[in-house]
Number of protein chains: 2
Amino acid sequence: MTRRIRTFSRQTTDSPGSEAVVDTSFLESLLGYNARRAALTIIEVFLDRMSVYGLRPVDFSLLSLVSRNPGITSRQLCSTLGILPPNLVKLVADLDKRGLLQRKPHPTDGRAIGLHLTVDGRKMVREAEVTARELEDGVAATLTTEEREVLMTLLRKIYKQ
Amino acid sequence: MTRRIRTFSRQTTDSPGSEAVVDTSFLESLLGYNARRAALTIIEVFLDRMSVYGLRPVDFSLLSLVSRNPGITSRQLCSTLGILPPNLVKLVADLDKRGLLQRKPHPTDGRAIGLHLTVDGRKMVREAEVTARELEDGVAATLTTEEREVLMTLLRKIYKQ
DNA sequence: TATTGTTATACTCTATAACTATA
DNA sequence: TATAGTTATAGAGTATAACAATA
């Protein structure tokens, strides 16, 4: 819960003597470079704004999915969020300990466990989702509503193939 | 150099019984979620195609920057790529050991070290940049040339503020 | 035999503190 | 005093192998 400050993208007032400008034109012509930089920028703001809830991006995504898919299994969460099963165990266990979600036996599959939000979990997700919208309004402030939609549509075309 | 295979985004044939579709509509309405998924998709392809050169994204970015900015210092690389100085040391040292770049005394600042590509480094960067273009043509195959430009322009507006 | 969830574990990535040499 | 580069190290993130219980 003790969230650390990300300093790497500060690149504040730069240096004193060697104030030479770096040519980044080639990297900036690559989709991968731009997508990664943009994602890291948004994550940085996300970590800051979501620290009041004690939620990292992965916790938020997980809770939001459970919220809209009550009874979802770990396996479904793994394939949806791209998390390996062993790494999901602690995520779910921690959110369980915090009283945000509950594990219940799956109605039809004895191996599986259905995940459900608690009352507290539902309340937090509701508030955190509002914060997520607000924070994205901030990072996308230089984009028009249409540009923002176009951007998300094009990004989805990249990862949904 | 022994690159491992990323399996998390495989989500192959999904499951047998519980083939329920997961509602991801809210997450997909968030810029951060879409940007991160797209970046990870591109990185996965990058790792695969660049494994012949033994270059990870950070190695490639570093060499490409040194190529276009001969004599660039570690400090400049750090602020450009968002890497913390202690973490850059091994990156540069490894590329030096591989004979791809050289460290030379900085002409005016005795504390600093200028980075330069070797002949082998220049050759590898040249080839790797071609491969990077090809691989991006692949991941962006469903986009028109104009859409691809729009996408990169909008991404730059997110992280250049 | 295959799958769900799990434990143990290892490797990579990212971060902080503190040092040295130079400015 | 401040900055460039470095060392040591800690913590988070991501990966594999192997197991028990159930299908």
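Lettering follows sequence order; numbering is per chain, from 1.
- One can place CG of B:Leu81 at 14 Å from P of C:dA15, the figure rounded to the nearest angstrom.
- Residues A:Thr118 and A:Asp120 bring no donor and acceptor atom of their side chains to less than 3.5 Å of each other.
- Closest to the side chain of B:Pro85, from the set D:dT6, D:dA23, C:dT6, is D:dT6.
- Nucleotide C:dA8 holds its P atom 17 Å from the CG atom of A:Leu88, rounded to whole Å.
- Atom NZ of A:Lys90 and atom P of C:dG5 are 19 Å apart (whole Å).
- A salt bridge is defined here as a Lys NZ or Arg NE, NH1 or NH2 lying under 4.0 Å from an Asp or Glu carboxylate O, and A:Arg98 with A:Asp94 fails to meet this definition.
- Neither OP1 nor OP2 of C:dT3 sits under 4.0 Å from any side-chain N or O of A:Arg111.
- Centroid-to-centroid, the aromatic rings of A:Phe46 and A:Phe60 come within less than 6.0 Å.
- When heavy atoms are screened at a 4.0 angstrom cut-off, B:Ile113 is found touching the sugar-phosphate backbone but no base atom.
- Of the possible donor and acceptor atoms, none in the side chain of B:Asp48 sits under 3.5 Å from a partner among the backbone N and O of B:Val45.
- Toward the 5' end of DNA chain C, the nearer of the two residues A:Gly114 and B:Thr108, judged by each one's closest nucleotide, is A:Gly114.
- When the side-chain nitrogen and oxygen atoms of B:Arg36 are compared with OP1 and OP2 of D:dG13, none of them lie within a distance under 4.0 Å.
- Residue A:Pro86 places its side chain closer to D:dT16 than to any other of D:dA4, D:dT16, D:dT6.
- Contact annotation: B:Arg103 reaches the phosphate of D:dT6 (side-chain N/O to OP1 or OP2, under 4.0 Å).
- Of the candidate nucleotides D:dT3, C:dT4, C:dT6, C:dT4 has the atom nearest to the side chain of A:Ala112.
- Per the geometry, CG belonging to B:Leu91 stands 8 Å off P belonging to C:dC13, to the nearest Å.
- Using a cutoff of 4.0 Å between basic side-chain nitrogens and carboxylate oxygens, A:Glu129 and A:Arg133 are not scored as salt-bridged.
- For the pair A:Leu84 CG and C:dT12 C1', the computed distance is 14 Å after rounding to whole Å.
- Spacing between atom CZ of A:Arg56 and atom C1' of D:dT14 amounts to 13 Å, rounded to whole angstrom units.
- Rounded to whole angstrom, the span from the CZ atom of A:Arg75 across to the C1' atom of D:dT22 amounts to 15 Å.
- The residue among A:Gly110 and A:Asn87 whose nearest nucleotide of DNA chain D lies closer to the 5′ end is A:Asn87.
- Here C:dC11 presents its P atom at 18 Å from CG of B:Leu47, a figure rounded to the nearest Å.
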